[in-house]
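Working notes, beginning with the structure itself.
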Amino acid sequence: LIALSGNADLMERVKPSVASDDTLLARHPRGYLDQGAELSGDKGGDTGEGASIGRGGDRVARLAAGGTMVAVDAVVARDLRRVCALVRPPGHHAVADLGMGFCVYNNALVAVRHAQNHHSLGRILILGSGVHHGNGTQDPCWQDGSVLCVLLHQDNLFPIVWGVVDAVGEGAGEGYPVNIPLPGGTGNAGYAAVFERVVTPIVRVFDPNLIVVLAGPDASDLDLLARMAVTVERYRAMTGVMVALAEGCCEGRLMVSEEGGHAAPYAPYCSAAVAEVLVSDASNQLKSVGDPYRARAENLPSSRFVGLDCQQALDDAIAVQRGYWPL
């Protein structure tokens, strides 16, 4: 369920824990936990909207949340350099009292609250690079300036109406949800521009104590539920940017959690490229995982040029975020 990187070129497998009620209560109310236990002990059912579990499924969901928490523990304690949590079910759509979009418990937020409560980390960055908006991840950050959520997603895809560019939080959290909705077909060049012009400068100013990346490969070129046209090499490059930011901001503390991904012939290559970067270092960047559609991937127009609609979306995001960050 979870693999963690130790020395360069090696991966060390670590056993996840089953998240306890006390741990989950930092994000989810008692009634929701009771519902999960009841469904799991019977014939299963939906924990909300499109987040079904079968008999015994509550324990599996608790392993996903507990595994993500163990991953954060390992990297914060410096037992391991970087961490990749390969867990299912994912978590970024799960709100406090409702499962959603295949997500039962919000794994990353459970881990983030654990890091704040037990490791006294003050500022944590969550970067969501998947195709769907991380509504459940953004929800508790709306009024919380200790957690910065930078969320890249396909505009108005799922959940509908979430993640608009001017959704910036309120109160102490104003400016901390950074929503970057992008048009279908954005591709490698558009994502590169977003990381260069928005993600990197904001992260450097925020200066987090820990970076958590929600990196499901569902923005990939062949994903069945999206149209973002991102290829293996861009997943590799995005991970490299986050590794460099972590090295510069928080002594390398980086946890990557697997979220979405629905293209069985292509998603594994994207995830493997992410893992290769995590176990590499600056002097030894592994590139044994190639793109099975290399010629096509390199020749996609969106791999070479930022489209006009993407440029407009980027300009809109920068215009909003300049009210909060020096871009």
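Looking at Thr47, its side chain does come within 3.5 Å of a backbone N or O of Ala51 through a donor-acceptor pair. At least one donor-acceptor pair under 3.5 Å links the side chain of Asp46 to the backbone N or O of Gly48. With Gln138 contributing its side chain and Gly163 its backbone, the two residues share no donor-acceptor pair below 3.5 Å. Between the side chain of Thr239 and the backbone N or O of Tyr235 there is at least one donor-acceptor pair closer than 3.5 Å. Judged purely by atom type and a 3.5 angstrom limit, Asp58 has no side-chain atom pairing as donor or acceptor with the backbone of Gln35. One N or O on the side chain of Thr200 and one on the backbone of Phe195 form a donor-acceptor pair closer than 3.5 Å. Checking side-chain atoms of Arg322 against main-chain N and O of Leu327 turns up a donor-acceptor pair under 3.5 Å. Glu170 places no side-chain N or O within 3.5 Å of a backbone atom of Gln143 that could act as its donor or acceptor partner. Side chain of Asp42 to main chain of Glu38: no donor-acceptor pair is present (N/O by atom type, distance under 3.5 Å, no hydrogens or angles). Looking at Asn209, its side chain never comes within 3.5 Å of a backbone N or O of Leu121 through a donor-acceptor pair.
Remark: Asp97 CG to Arg30 CZ distance equals 15.0 Å, nearest 0.5 Å. Distance SG/Cys149 to CD1/Ile124: 10.5 Å, rounded to 0.5 Å. Atom CD of residue Glu258 and atom CG of residue Leu214 lie 10.5 Å apart, to the nearest 0.5 angstrom. How far CZ of Arg82 is from CZ of Arg253: 13.5 Å, rounded to the nearest 0.5 Å. In this structure, CE in Met228 is found 13.0 Å from CZ in Arg234, a value given to the nearest 0.5 Å. A distance of 6.0 Å separates CZ in Arg304 from CG in Asn299, rounded to the nearest 0.5 Å.
Aromatic pair His114/His119: centroids less than 6.0 angstrom apart.
Open room surrounds CG on Leu308; 12 or fewer heavy atoms of other groups in view lie less than 6.0 Å from it. Counted within 6.0 Å of CZ on Arg59, heavy atoms from surrounding residues, nucleotides or ligands total 12 or fewer; the atom is thus considered open.
Applying the ring-ring contact (aromatic ring centres under 6.0 Å, His included) test to residues at least two apart or on different chains, the pairs with a partner in residues 29-53 are His28-Tyr32, Tyr32-Tyr105.
The two atoms that bring Cys250 and Pro208 nearest to each other are CB-O, 3.1 Å, heavy atoms only. Closest non-hydrogen pair, Pro177 versus Val168, comes out as CD-O, 3.3 Å.
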| task | Apply the test side-chain contact (heavy atoms from CB on, under 4.5 Å) to residues Gln321 and Val165: give CA-CA distance (whole Å), side-chain angles for both, the deciding distance (0.1 Å), then the verdict. | result | CA-CA 9 Å; Gln321 295 306 323; Val165 70; 5.9 Å; no

| message | Leu278 vs Leu254, test: side-chain contact (heavy atoms from CB on, under 4.5 Å). Steps then yes/no. | response | CA-CA 9 Å; Leu278 294 179; Leu254 173 66; 3.8 Å; yes

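Evaluated for a side chain to side chain contact (heavy atoms under 4.5 Å, CB included) with Leu152, the options Val198, Ile180, Thr186 yield exactly one hit, Ile180. With His133 as the partner, the ring pair (Phe, Tyr, Trp, His ring centres under 6.0 Å) test is satisfied by one option alone out of His92, His93, His153: His153.
Comment: Arg27 engages Asp139 in a salt bridge, judged by a side-chain N to carboxylate O separation of less than 4.0 angstrom.
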